[in-house]
Enquirer: 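Below is one structure. I have some questions about it.
All heavy atoms count here, side chains included; hydrogens, waters and symmetry mates do not.
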Amino acid sequence: MSDFTIKALTPETFKDFAALVERNKGMFASCWCVHFHPECAEKGQSAEGNRLLKQRLVADGIAHAALVYDGDRAVAHREDRQVLVGTNS
């Protein structure tokens, strides 16, 4: 059985998140998991634009997620939609 660990998505772990997303072809058509973040000019322009937006949101402390690791490799992530859109639904 694998030993899974959980780490926060931070500027330091963003490279692991990026590798996970890239292995999965950008997650949902190159969304980079920015769909539920507030609208901004950068959002949805391109896969690279979404990647840069996600990286900026992480660096600015706006994007929050948990990364699940199997050893040194991020194998899953989870974002809380309530935190992302500020709702309780």
Enquirer: Rounded to the nearest 0.5 Å, what separates atom CG in Leu9 from atom NE2 in His77?
Expert: 8.0 Å
Enquirer: List in chain and number order the residues that pass side chain to side chain contact (heavy atoms under 4.5 Å, CB included) with Thr10, two or more places apart in sequence or in another chain; answer none if no residue qualifies.
Expert: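 Applying side chain to side chain contact (heavy atoms under 4.5 Å, CB included) to Thr10 gives Ala8, Glu12, Thr13.
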Enquirer: If you look at every heavy atom in Leu20 and Ala76, which pair is closest and at what distance?
Expert: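 For Leu20 versus Ala76, the nearest heavy atoms are CD2-C, 3.7 Å.
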Enquirer: The test is side chain to side chain contact (heavy atoms under 4.5 Å, CB included); show your working for Phe4 and Val75 and say whether it passes.
Expert: CA-CA 9 Å; Phe4 295 107; Val75 294; 4.3 Å; yes
Enquirer: Could you tell me which residues satisfy side chain to side chain contact (heavy atoms under 4.5 Å, CB included) with Lys15, sequence neighbours excluded, listed by chain and number?
Expert: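 With neighbours one apart ignored, the set is empty.
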Enquirer: Working to the nearest 0.5 Å, report the span between CZ of Arg78 and CD1 of Ile6.
Expert: 11.5 Å
Enquirer: Please enumerate all residues that pass side chain to side chain contact (heavy atoms under 4.5 Å, CB included) together with Asp60, with sequence neighbours excluded.
Expert: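 Per chain and number, Asp60 pairs via side chain to side chain contact (heavy atoms under 4.5 Å, CB included) with Arg56, Ile62.
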Enquirer: Take Lys54 and Asn50 through the test side chain to side chain contact (heavy atoms under 4.5 Å, CB included) and record every step on the way to the result.
Expert: CA-CA 6 Å; Lys54 186 67 167 196; Asn50 286 341; over 6 Å; no
Enquirer: For a quick test of reading the model, state the closest non-hydrogen atom pair linking Arg73 to Arg23 and the distance between them.
Expert: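 The answer is NH2-CD, 2.5 Å.
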Enquirer: I need the minimum non-hydrogen distance between Arg51 and Phe14, along with the two atoms involved.
Expert: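 Distance-wise, the nearest heavy atoms are O-CZ, 3.9 Å.
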Enquirer: For Val58 versus Pro11, what's the shortest heavy-atom pair and its separation?
Expert: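 Scanning both residues completely, I find the closest heavy atoms to be CG1-N, 3.6 Å.
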